[in-house]
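Taking it in order: structure first as structure tokens, then the write-up.
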Amino acid sequence: MTARIPTLDIRRYSDPSSSSDRAAFVAELGAAYREWGFAGIRGHGIPQELIDGAYEAFRRFFALPAETKLKYHVKGGGGARGYTPFGVETAKDSKYPDLKEFWHVGREIPRDSKYADVMAPNLWPEEVPEFHRYGYGLFEALDGLGSRVLRALALHIDLPETYFEDKTNFGNSILRPIHYPPITAPEVPNVRAGAHEDINLITLLVGASAQGLEVLSRKGEWVPFTADADTIVVNIGDMLQRLTNHVYPSTTHRVTNPPGEAARQPRYSVPFFLHPNPDFLIASLPSCISADNPDRYPQPITAHDYLQERLREIKLI
């Protein structure tokens, strides 16, 4: 029997009246991430109306004619904001581009911010007016939930609970609505999204509309992970793996083409990539270095430089 990736109720962490259950939640969450790099989070409090409204707005946008969508494609922008068409992003070391189109919503910051030169203003499709309200509402809700997960993870590795707060409050985070089209050709040379690890600190995946997500276990087996409707999948990205010197592993995952008629259905997915502030220096945490786990990354790198390096690898810039 294939091992199951754990799902935990974050209300156990949020309830200050139960310190023992809170400590147990931190221990269980940390253990899940050390083993899998993935966990399901339920009891998150994000309204279903917000999730459903966002998905409907995103579906309406992706149903627009290609020439309309391309109005929002910023050439030379690396897909940082707005629309990215099919056949652009390619998983590292993959021969074929992923079978998807997507949109990027970023953090709204003052245009006189010191980060304004690397965090562009958002674009909003005028053809789908509710896209702005639901899209940015979901961005803020997932940003808040991600901060709660990071607080618990900080405690698990002997950091102050608030360690990440001033390091992610202007994070270059991204909400990415994705449309994977129906597979109509008999032979397709790639899974919908090739095997990869995420770039950022943590990723929160809300309400994927079909099966297909698979996680590579430490035994080398692909383990399906289709979350229940009330569960948000949260996984470790490469920045957190690097920061914690692989205490929290960034696990390889992919989105497969389902067999048979299921492949002829579109798939929609909305991950939120939680990033640190662009000038945050990713240097291995002393609490994650030991004789048994020596520092793998003696050369620190800023979050922005690391992001640029990785975007080049996946052919977005």
Side-chain angles (χ1 to χ4, degrees), residues 5-11 13-14 29 32-33 36-62 84 98 100-108 122 128 130-153 168 171-180 192-193 196-215 224-237 240 250-251 253-255 265-275:
I5 297 168
T7 292
L8 301 171
D9 192 323
I10 199 168
R11 286 172 293 196
Y13 175 74
S14 306
L29 186 71
Y33 283 123
W36 289 101
F38 270 77
I41 299 294
R42 63 173 179 262
H44 47 75
I46 297 177
Q48 193 61 45
E49 187 275 333
L50 174 58
I51 296 170
D52 292 345
Y55 263 90
E56 182 56 32
F58 302 152
R59 284 193 192 96
R60 286 190 58 202
F61 171 77
F62 289 123
T84 296
D98 290 342
K100 65 188 181 190
E101 58 179 340
F102 56 88
W103 183 281
H104 276 177
V105 176
R107 186 180 304 281
E108 300 278 10
N122 279 311
V128 186
E130 66 273 25
F131 192 115
H132 185 171
R133 176 167 64 93
Y134 281 111
Y136 203 68
L138 191 57
F139 180 106
E140 291 185 309
L142 291 169
D143 194 37
L145 176 61
S147 294
R148 290 159 66 196
V149 172
L150 286 176
R151 286 198 287 271
L153 290 180
T168 57
N172 193 8
S173 301
I174 290 292
L175 183 77
R176 174 188 274 195
I178 306 171
H179 170 223
Y180 302 95
R192 277 172 159 167
H196 66 284
E197 300 82 41
D198 293 342
I199 297 171
N200 40 288
L201 288 174
I202 58 173
T203 300
L204 296 87
L205 177 66
V206 57
S209 66
Q211 295 183 349
L213 176 64
E214 295 184 345
V215 177
F225 191 15
T226 301
D228 294 334
D230 64 344
T231 298
I232 290 176
V233 178
V234 184
N235 65 277
I236 305 297
L240 190 56
S250 175
T251 304
H253 54 287
R254 66 186 182 184
V255 178
Q265 301 299 317
R267 183 179 192 270
Y268 299 91
S269 159
V270 184
F272 176 78
F273 302 114
L274 195 154
H275 281 256

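Just so it is clear, the model here is predicted, and its values are computed rather than measured.
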State the [atom1]-[atom2] distance between [X] and [Y], to the nearest 0.5 angstrom.
X	Y	atom1	atom2	value
Ser14	Arg151	OG	CZ	8.0 Å
Thr203	Leu142	OG1	CG	11.0 Å
Asp143	Leu204	CG	CG	9.0 Å
Ile232	Ile51	CD1	CD1	5.0 Å
Arg254	Glu197	CZ	CD	13.0 Å
His132	Glu130	NE2	CD	12.5 Å

Can you tell me if [X] uses its side chain to pair, donor with acceptor, with the backbone of [Y] under 3.5 Å?
X	Y	result
Asp198	Asn200	no
Thr84	Phe102	no
His104	Asn122	no
Ser173	His275	yes

TODO: Would you please test Val206 and Leu138 for side chain to side chain contact (heavy atoms under 4.5 Å, CB included) and show each step?
DONE: CA-CA 10 Å; Val206 57; Leu138 191 57; 4.1 Å; yes
TODO: Flag the pair Phe61 / Phe58 as yes when their ring centroid distance falls below 6.0 Å, and as no otherwise.
DONE: no
- [ ] Measure centre to centre between the rings of His253 and Phe225, then say whether the value is under 6.0 Å.
- [x]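 Between His253 and Phe225, the centre distance exceeds or equals 6.0 Å.
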- [ ] Check the pair Tyr33, Val234 against side chain to side chain contact (heavy atoms under 4.5 Å, CB included), reporting the backbone distance first and the verdict last.
- [x] CA-CA 9 Å; Tyr33 283 123; Val234 184; 3.2 Å; yes
Please name the pair of heavy atoms, one in [X] and one in [Y], separated by the smallest distance, quoted to 0.1 Å.
X	Y	result
Val233	Leu213	CG1-CD2, 4.4 Å
Ile10	Gly43	CG2-O, 3.5 Å
Leu29	Ala152	CD2-CB, 3.8 Å
His179	Pro266	NE2-CB, 3.8 Å
Ile41	His44	O-CD2, 3.5 Å
Ala32	Pro6	CB-CG, 3.8 Å

With side chains defined as the heavy atoms from C-beta onward, is the minimum distance between [X] and [Y] less than 4.5 Å?
X	Y	value
Ile236	Ile202	yes
Leu150	Leu274	yes
Tyr55	Val270	yes
Val215	Asn235	no
Thr7	Asp228	no

Open item on the list: Over 60° means perpendicular and under 30° means parallel, so tell me whether Tyr136 and Phe139 are parallel, tilted or perpendicular.
Closed with: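 Parallel, since the angle between the ring planes stays under 30°.
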Open item on the list: Taking the cut-offs as 6.0 angstrom to the six-membered ring centre and 45 degrees off its axis, would you call Arg59 and Tyr268 a cation-pi pair?
Closed with: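 The answer is yes; both the distance and angle limits are met.
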TODO: Tell me, with the steps shown, if Phe131 and Glu56 meet side chain to side chain contact (heavy atoms under 4.5 Å, CB included).
DONE: CA-CA 9 Å; Phe131 192 115; Glu56 182 56 32; over 6 Å; no
Task: Residue pair Phe272, Ile174: steps toward the side chain to side chain contact (heavy atoms under 4.5 Å, CB included) verdict - done: CA-CA 6 Å; Phe272 176 78; Ile174 290 292; over 6 Å; no
